[in-house]
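Input: a single structure, listed below in structure tokens.
Everything quoted here is computed from the prediction, not taken from an experiment.
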Amino acid sequence: MGCGCNKITREEIMKIIEEQNVHFFRLQFVDILGYMKNIAIPLSQIEKALDGKMMFDGSSIDGFVRINESDMYLKPDYDTFTVLPWRNQTGSNAARIICDVYKADGTPFEGCPRNNLKRVLADAKEMGYTMNVGTEAEFFLFEQKDDGSASTTTHDVAGYFDVDPDDRGINCRREIIETLESMGFEIEASHHEVAEGQHEVNFKYADALTAADNTVTFKWVVRSIASEYGLHATFMPKPVFGINGSGMHTNQSLFNADGTNAFYDENGPLQLSETAYKYIAGLTKNAAGFVAVTNPLVNSYKRLVPGYEAPVYVAWSASNRSALIRIPASRGVGTRTEVRCPDPTCNPYLAFAMMLNSGLDGVKNNLEAPSSVDQDIFSMTAAEKQAAGIDSLPANLKEALDVLKDNPIAKEALGDHIFEMYLENKEKEWDSYRTAVTDWELDTYLNKY
């Protein structure tokens, strides 16, 4: 799915549409904030859509274009075509395909996150690298209220790796897995997570573009299947106070043009190559500057606090899960870095671009990785962390946005349009939060003053 190398042809898609009685077609794309959008079309318009001739009003999408330049086209990536397993009604099927957004003059729209990731990946390819990514997006399953809205009441009392009957989400999770597999995902594992009602489904890594496509598709499938079970699936980072939040650990590696893992060196320290150490150096240098993209919500920073397994300290280790960057034990083709701060509300196309450019900053400039920190950082005193040179990530969205603005890697990774529109949107979000009167304030102050 999504690699852009056209493994499937237009003719093969038309054959599948006929054989599987597809009557409706969803043209999907992602906006700057990572929300999946789609235009649904009937069978009569499918050939027009496959030719990239479907037009839409780009000015209606927040952060895209102004009304006087609104005509935009959706150019489909044939490799993302799939028939939707849960949309079979009265014998007819629906299918989807992910698209890139193009301007009326036929050029790629620079505000399309997918186009932007392609641009950054092309720059990496000129250096001789391709990027592979594997995401681990956690989510909660909550009960729905009588009116169909979401509650924060968990549907089970299970814990880490628990089984049924305690894990009451197992049937929903099984159908999620079966649906994903029928759509081409290779599922590696699934399990109940630490918190009540929290789950994780792991699927195989892929090239970065496909991984981003898979991540947005995964979230869509999870929410759709959960709804059929009368449950609300949320990827909100910290929906419930006092329990673990949901992260999206992002495993990433660079591969050379000959297909070998650029991070692996059998004779290197920890069997890591010089490229790996330089990439780690780039990630640690720029972490505070990309967290506004990898952790994009006000709520994201309610998860990024000590004590809940959330990495808030900028350090790396081959064994320490309290560090921001971990090096999993696998070597050879599986050698990789695991960046542990992102959460699943991020736009993966933007997050991957930011982390890739951050790591490549270390490679381009021959940066030296700091010493690994192999002790539990959560148990270290402030003085010990200072002595070890361990900085903390920004404490809230406002701090993260301020660092993002000052990070030269950011504008390079996002491009001028996305950089400016993203900041404008997120600063509005922060201002709305800053001026809101919360239930906590009313409960704490109203009767006292």
Can you run down the salt bridge (Lys or Arg N to Asp or Glu O under 4.0 Å) pairs that involve [range], sequence neighbours left out, and say none if there aren't any?
{"range": "residues 345-367", "answer": "K285-D361, K364-E412"}
{"range": "residues 373-401", "answer": "K398-D402"}
{"range": "residues 243-271", "answer": "none"}

Inter-residue atom distance [X].[atom1] - [Y].[atom2], 0.5 Å rounding:
{"X": "K75", "Y": "L50", "atom1": "NZ", "atom2": "CG", "value": "13.0 Å"}
{"X": "F235", "Y": "F140", "atom1": "CZ", "atom2": "CZ", "value": "11.5 Å"}
{"X": "L33", "Y": "I418", "atom1": "CG", "atom2": "CD1", "value": "10.5 Å"}
{"X": "C341", "Y": "R303", "atom1": "SG", "atom2": "CZ", "value": "7.5 Å"}
{"X": "S392", "Y": "I377", "atom1": "OG", "atom2": "CD1", "value": "9.5 Å"}
{"X": "M131", "Y": "N357", "atom1": "CE", "atom2": "CG", "value": "9.5 Å"}

Fill in: Side-chain donor-acceptor pair present, Q198, S246, cut-off under 3.5 Å
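Side chains of Q198 and S246: pair found under 3.5 Å.
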Discussion item. Less than 3.5 Å apart, any donor N or O on the side chain of Y78 or E12 sitting next to an acceptor on the other?
Written reply: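 Not at all, the side chains of Y78 and E12 share no donor-acceptor pair under 3.5 Å.
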Donor-acceptor pair, [X] side chain versus [Y] backbone, under 3.5 Å?
{"X": "N115", "Y": "V101", "answer": "yes"}
{"X": "Y301", "Y": "N295", "answer": "yes"}
{"X": "S227", "Y": "S224", "answer": "no"}
{"X": "T154", "Y": "G197", "answer": "no"}

Worksheet item: Does K426 pair with E429 as a salt bridge, N-O distance under 4.0 Å?
Response: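 The answer is yes: the pair qualifies as a salt bridge.
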Worksheet item: Does E188 pair with K204 as a salt bridge, N-O distance under 4.0 Å?
Response: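 Salt bridge between E188 and K204, a charged N being under 4.0 Å from a carboxylate O: no.
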Fill in: Exceeds 12 heavy-atom contacts within 6.0 angstrom, atom CZ of F24
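Atom CZ in F24 is not packed in, count stays at 12 or less.
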For [X], check ring pair (Phe, Tyr, Trp, His ring centres under 6.0 Å) against everything at least two apart and list the hits.
{"X": "F255", "answer": "none"}
{"X": "F290", "answer": "none"}
{"X": "Y264", "answer": "none"}
{"X": "Y433", "answer": "W430"}

Applying the side-chain contact (heavy atoms from CB on, under 4.5 Å) test to [X], which of [options] qualifies?
{"X": "V314", "options": "I390, L393, N286", "answer": "L393"}
{"X": "Y279", "options": "L367, T337, L272, T284", "answer": "T337"}
{"X": "L356", "options": "V120, L283, L117", "answer": "V120"}

Discussion item. My understanding is that only one of R96, R114, K118 makes a salt bridge (charged side-chain N to carboxylate O under 4.0 Å, His left out) with D213; could you say which?
Written reply: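 Answer to the salt bridge (charged side-chain N to carboxylate O under 4.0 Å, His left out) test with D213 among R96, R114, K118: R114.
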Discussion item. Would you call the rings of F185 and F203 parallel, tilted or perpendicular, taking 30° and 60° as the class edges?
Written reply: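 Perpendicular.
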Worksheet entry | Closest non-hydrogen atom pair between W316 and A369, with its separation |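 Minimum heavy-atom separation between W316 and A369: NE1-CB, 4.3 Å.
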Please name all residues satisfying side chain to side chain donor-acceptor pair (under 3.5 Å) with [X], sequence neighbours left out, ordered by chain then number.
{"X": "S300", "result": "D343"}
{"X": "N132", "result": "none"}
{"X": "T215", "result": "T135"}

Evaluate the side-chain proximity of [Y] to [X]: yes if any heavy-atom separation is below 4.5 Å, no if none is.
{"X": "T210", "Y": "D207", "result": "yes"}
{"X": "L84", "Y": "W220", "result": "yes"}
{"X": "I97", "Y": "R26", "result": "no"}
{"X": "V201", "Y": "F218", "result": "yes"}

Discussion item. Less than 6.0 angstrom separating the ring centers of F142 and H232, yes or no?
Written reply: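 Centroid distance F142-H232: not below 6.0 Å, so no.
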Discussion item. Restricting to side-chain contact (heavy atoms from CB on, under 4.5 Å), what partner residues turn up for A49, sequence neighbours left out?
Written reply: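 Checked A49 against side-chain contact (heavy atoms from CB on, under 4.5 Å); matches are F25, L27, I41, M54.
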Item to complete: Report the residues that fulfil salt bridge (Lys or Arg N to Asp or Glu O under 4.0 Å) with E427, sequence neighbours left out, ordered by chain and then residue number.
Response: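 Checked E427 against salt bridge (Lys or Arg N to Asp or Glu O under 4.0 Å); matches are K405.
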